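The structure appears below as structure tokens.
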There are 2 protein chains.
Amino acid sequence: MIIIGELINSTRKRIRAMIEQRDTEAIKDIALKQIEAGADYLDVNAGAFVANEPEHMEWLVKTIRSVTEIPLCIDSPSYEALDVGLRLAGPNAIINSISGEPERYEKVLPLVRKYEASVIALSMDERGLLDDEEQILGVIDRLIGRLKDDQVPAERIYIDPLIRPVSTNTIYGKLALRTLREVTRRYPDVRTSCGLSNVSYGLPKRKLLNQTFMITAMASGLKAAILDPLDKQLMANIAAAEALLGEDEFCMRYLEADRSGRFEGLT
Amino acid sequence: MIIIGELINSTRKRIRAMIEQRDTEAIKDIALKQIEAGADYLDVNAGAFVANEPEHMEWLVKTIRSVTEIPLCIDSPSYEALDVGLRLAGPNAIINSISGEPERYEKVLPLVRKYEASVIALSMDERGLLDDEEQILGVIDRLIGRLKDDQVPAERIYIDPLIRPVSTNTIYGKLALRTLREVTRRYPDVRTSCGLSNVSYGLPKRKLLNQTFMITAMASGLKAAILDPLDKQLMANIAAAEALLGEDEFCMRYLEADRSGRFEGLT
């Protein structure tokens, strides 16, 4: 499982304050804690600052780069903020995100090529979010086809099924899992990715739902997730699921996680 | 999810002692605690007493029946113990278990018919445990065909894929999940069931593995499980998975579980 640590996100109140106050030490600390907990990438988002997002993005990436060379997932609705972030992030970055919306596609594709970045591709187009499995798979087919035509290698594409809250419609969990399973079947070389927290919106004990959903998504072929790596139960569930799904030879990583105390305190 | 409480099992040291000492109150207490925690059935096993198993089974079932009418899952390798247990258990019992082994099949089938019981059907025959998915599915096809020929309705059959420890071979988790998924696809009216604890044998933090495996199995179509309903994290994961898999309309049961305090203390 590819873990993208989600915590450096300006839509979180605490993080927004750290960015406004240019609290270098606090951001470094959150970066290092996520890496220590097992993150493979760090997501970086300054999107809450509409007026001067690129400037905040620049400060965030420079701050993170002063303590770690971990690859970054540059997360923005703004072309300019993506460009600044990617330039400073260096190699092996992920762009969060492209989609089938024509304007978004045309703006982001040049950045994917310029920085040889990977890219999270959202399963939507100009029609917005879709409820029908075949329509969603149609959007994904077209998006993958177009990215391949535009010379983006399959292994640099992360399809995001765009999970919606089960509190708004109980089919949404199953719909996302079926989409993940079908994308994995049709495109074994393309990766899948998702954010975890949407699914639980509007319900109590959201962490429990996110932890549980993560395991169902792994069982359906999920390759990467944007999540909170400081959630110990979640990370333990991921280690256990990898062992159970045959993705951890001789259960070596599971045993190592146990030895290094990562499962302590779990019931 | 159909929860079969596993705790009244004589192979557990504490339970064995309670049975030997005819500790009526302790057995009643374990029965009631499992029901309170959400069990739909209670498994009853006196198999550790080879010499006089039917007598112990009789005492166990009578003791349980003195406090509850919950349906029972009568669990024994012995025809006589099954017969005594089923007679005292009353309606809607489950027999644990039949298999494709000719002798077992011929001994247990008359009990299934006599008591109009449901039956757990183990995915094995005279060749013992199998490693090949197609061979396993062949055993299951024959077993279901024969049970139907022998007038056992589909909805009273619980196919158990016989999960083996991932510590002995990392494919065993996936093999069981693929079997569950395929049985669910081929036989939508037949139920599936499994024991949870085998999968984690030989590894540390077995509860974590069992909790995680349960969710992957639910995502693969599992309908019933023999498990410890007093494991709060496990039961919370099951409630969450039902909400996420669209098996809990409007998330009503999930919300009710939260309101009644079942998620308290979880991280």
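Protein chains get the first letters and strands the later ones, always in sequence-line order, with residue 1 at the start of each. These numbers were taken from a predicted model, which means no experiment stands behind them.
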With a 4.5 angstrom heavy-atom cut-off, is it the side chain or the backbone of B/Lys207 that approaches chain A, or both, or neither?
side chain

Taking CZ in A/Arg142 as the centre, count heavy atoms belonging to other residues, nucleotides or ligands within less than 6.0 Å. Is the count above 12?
yes

Positions in residues 228-242 of chain A that reach chain B, provided some heavy atom is under 4.5 Å away:
A/Gln233, A/Ala236, A/Asn237, A/Ala240, A/Ala241

Pick from B/Leu175, B/Asn169, B/Asp258, B/Leu177 with the largest number of heavy-atom pairs that fall under 4.5 Å of chain A:
B/Asp258

Checking heavy-atom separations under 4.5 Å from chain B, one finds in residues 188-203 of chain A A/Val199, A/Leu203

For A/Arg181, which atoms come within 4.5 Å of any heavy atom of chain B: side chain, backbone, both, or neither?
side chain

How long is the gap from OG1 on A/Thr212 to CE on B/Met214, to the nearest 0.5 Å?
11.5 Å

Sorted by number, residues from residues 246-254 of chain B in contact with chain A (heavy atoms, under 4.5 Å)
B/Gly246, B/Asp248, B/Glu249, B/Phe250, B/Cys251, B/Tyr254

How about CZ on A/Arg14, more than 12 heavy atoms from neighbouring residues, nucleotides or ligands closer than 6.0 Å, or not?
no

Among B/Ile171, B/Val166, B/Ile215, B/Thr168, who wins on heavy-atom pairs under 4.5 Å with chain A?
B/Ile215

Where is the tightest heavy-atom contact between A/Leu244 and B/Leu209, given as atom of each residue plus distance?
CD1-O, 3.4 Å

In residues 259-267 of chain A, which residues are in contact with chain B at a heavy-atom separation under 4.5 Å?
A/Phe263, A/Leu266, A/Thr267

Please give me the minimum heavy-atom distance between A/Leu255 and B/Pro204, naming the atom from each residue.
CD2-CD, 3.4 Å

